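Quick caveat: nothing in here was measured; it's all calculated off a predicted structure.
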Amino acid sequence: MGTLTSYYFTPLNLRFRLCPTGRAYSGRSRMFENKNSKHPCFLCKQRLYKEVFRRRFDNFRCFSSNGNEEEDNVSKSSNLTATTEEAEERNVDELKSDQTPTSISSRPPDISPMGPAYNSFQVDSFKLMELLGPEKVDPNDVKLIKEKLFGYSTFWVTREEPFGDFGEGILFFGNLRGKREEVFAKLQRQLAEVSGNKYNLFMVEEPNSEGMDPRGGPRVSFGLLRKEVSEPGPTTLWQYVIALLLFVLTIGSCVELGIASQINRLPPEVVKYFTDPNAIDPPDMQLLFPFVDSALPLAYGVLGVQLFHEVGHFLAAFPKKVKLGIPYFIPNITLGSFGAITQFKSILPDRRTKVDVSIAGPFAGAALSFSMFCVGLLLSSNPDAAGDLVQVPCMLFQGSLLLGLISRATLGYAAMHAATVSIHPLVIAGWCGLTTSAFNMLPVGCLDGGRAVQGAFGKDALVGFGLATYTLLGLGVLGGPLSLPWGLYVLICQRTPEKPCLNDVSEVGTWRRTAIIVAIVLVVLILLPLWDELAEELGIGLVTTF
């Protein structure tokens, strides 16, 4: 929270009289010699108060326009305030003996201490916004940084604009005088020498640039923010408690998924309650207790994929000295979990780091899930593992084009072209893990895929990818019946793009961009359902035609 000079606005007391000649008037006859005009002492004081309040109001606004004007206004305001206080002290004794007539109001209604342009409510609103908003960059530091950092050999500053979510920083526009990475590294070293550990310097693409840099690449600008404003805050105790509760709920949703996978073994009244929309009376839930033990292997597999996903993030962040927050697992009764929300607890140094840390989690989770899926398919076709198999509707394999084709190629036409199919629980765990990893790699918002696209192609590209993703989810093209809950999850929890890196300009390289494009194609193939004609031709499920 910002630290500002305290201003106190008090109502005018018309019994204070300040004369231009320095002589105090006393007595009612002198004060009201002319009933049609105000006393000259009152007019003098009114003008003085108006000037004081006007200058105080201007002090709230002078920072964004000119840092030097703020110092002048504050000094003038202080001088005027001191003059007023001295005049009031000289008239304290006279005030005790002077009495205001009962027929005259102590404050005429046409007097406004703020003048015609402003009122006290507006001033208090500006003051409240300044107090509650983030602390801004010190104008003296801005002047010092411009003198010590920027120049002919690094970056020649031409103008300045507010920078940050609330305009709490300074964005320097100008001309780059060298290779951007070398200039940025030099400016960071000099900033640490000049201001210590007080500010963070960002190199970003110049907003609304009319052309590219003559040396190649986009034109750059440098933003300055205080560290306490730009860096994420520490994790609080309540956040740990919430994360623990969400993790417990996720364990419960994974166990529920394991029980639901045994639908052919569950009591009829339980199956009817969860499948019949007209069922009203809930069954005795104690009937599900015998099925908990057999549901644990599947629950362990689904939960293990989510944990391995987060381990991938942390392993990629550790060598780059990037701090990650505690993961918030989001339970889901259909897949076991939506995944986890993991925040960056430090500013990322560059876009390469953003891409590497972002894709490490989905790639790790997808690798483990695909291994489980393939092993489960192999065990499903093994007669020795028949006792561990569960019966699931074959129509479920139509939920994914890629996974349905792999299952059909492995299990064969006879096994897949039926009402139900016997599979190993690892197939379900791998399927759910791959689906969750694919959803988290969607190029939208602050999901892993959105962060990766923002780092590899920029924020503008993320906007285009995000609109396309929202459209496909809204139409149910991706994910089928899961598209609506996933779309709501992204809108509620993950819609905001990630904050910029310190070096938000340097390219990430061709192979990173290629890996992201390949990952997005695989995501579409996993989430795209099999249409009925293709499923019937391949023999996946019994497709009913009318």
Apply side chain to side chain donor-acceptor pair (under 3.5 Å) to [X] and list each qualifying residue two or more places apart in sequence or on a separate chain.
X    : answer
R352 : none
R351 : none
N197 : K227

Quick one: does [X]'s side chain have a donor or acceptor within less than 3.5 Å of a partner on [Y]'s backbone?
X    : Y    : answer
Q454 : E498 : yes
T410 : S407 : no
N200 : G223 : no

*Should we say atom OH of Y300 is surrounded by more than 12 heavy atoms from elsewhere, each under 6.0 Å from it?*
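For Y300, atom OH is not crowded (no more than 12 foreign heavy atoms under 6.0 Å).
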*Is the F172-F155 ring centre distance short of 6.0 angstrom?*
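Aromatic pair excluded; centres sit 6.0 Å or further apart.
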*Determine whether S230 and Y199 make a side-chain contact, defined as any pair of heavy atoms from C-beta on separated by less than 4.5 Å.*
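No, every pair of side-chain atoms sits at 4.5 Å or beyond.
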*Using 30° and 60° as the class limits, which term best fits the ring planes of F184 and F222: parallel, tilted or perpendicular?*
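F184 and F222: parallel rings.
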*Mutual orientation of the aromatic rings belonging to W431 and F397 [parallel < 30°, tilted 30-60°, perpendicular > 60°]*: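 Rings of W431 and F397: perpendicular, over 60°.
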*Take Q306 and T250, measure what side chain to side chain donor-acceptor pair (under 3.5 Å) needs, and give me the verdict at the end.*
CA-CA 10 Å; Q306 304 306 321; T250 303; over 6 Å; no
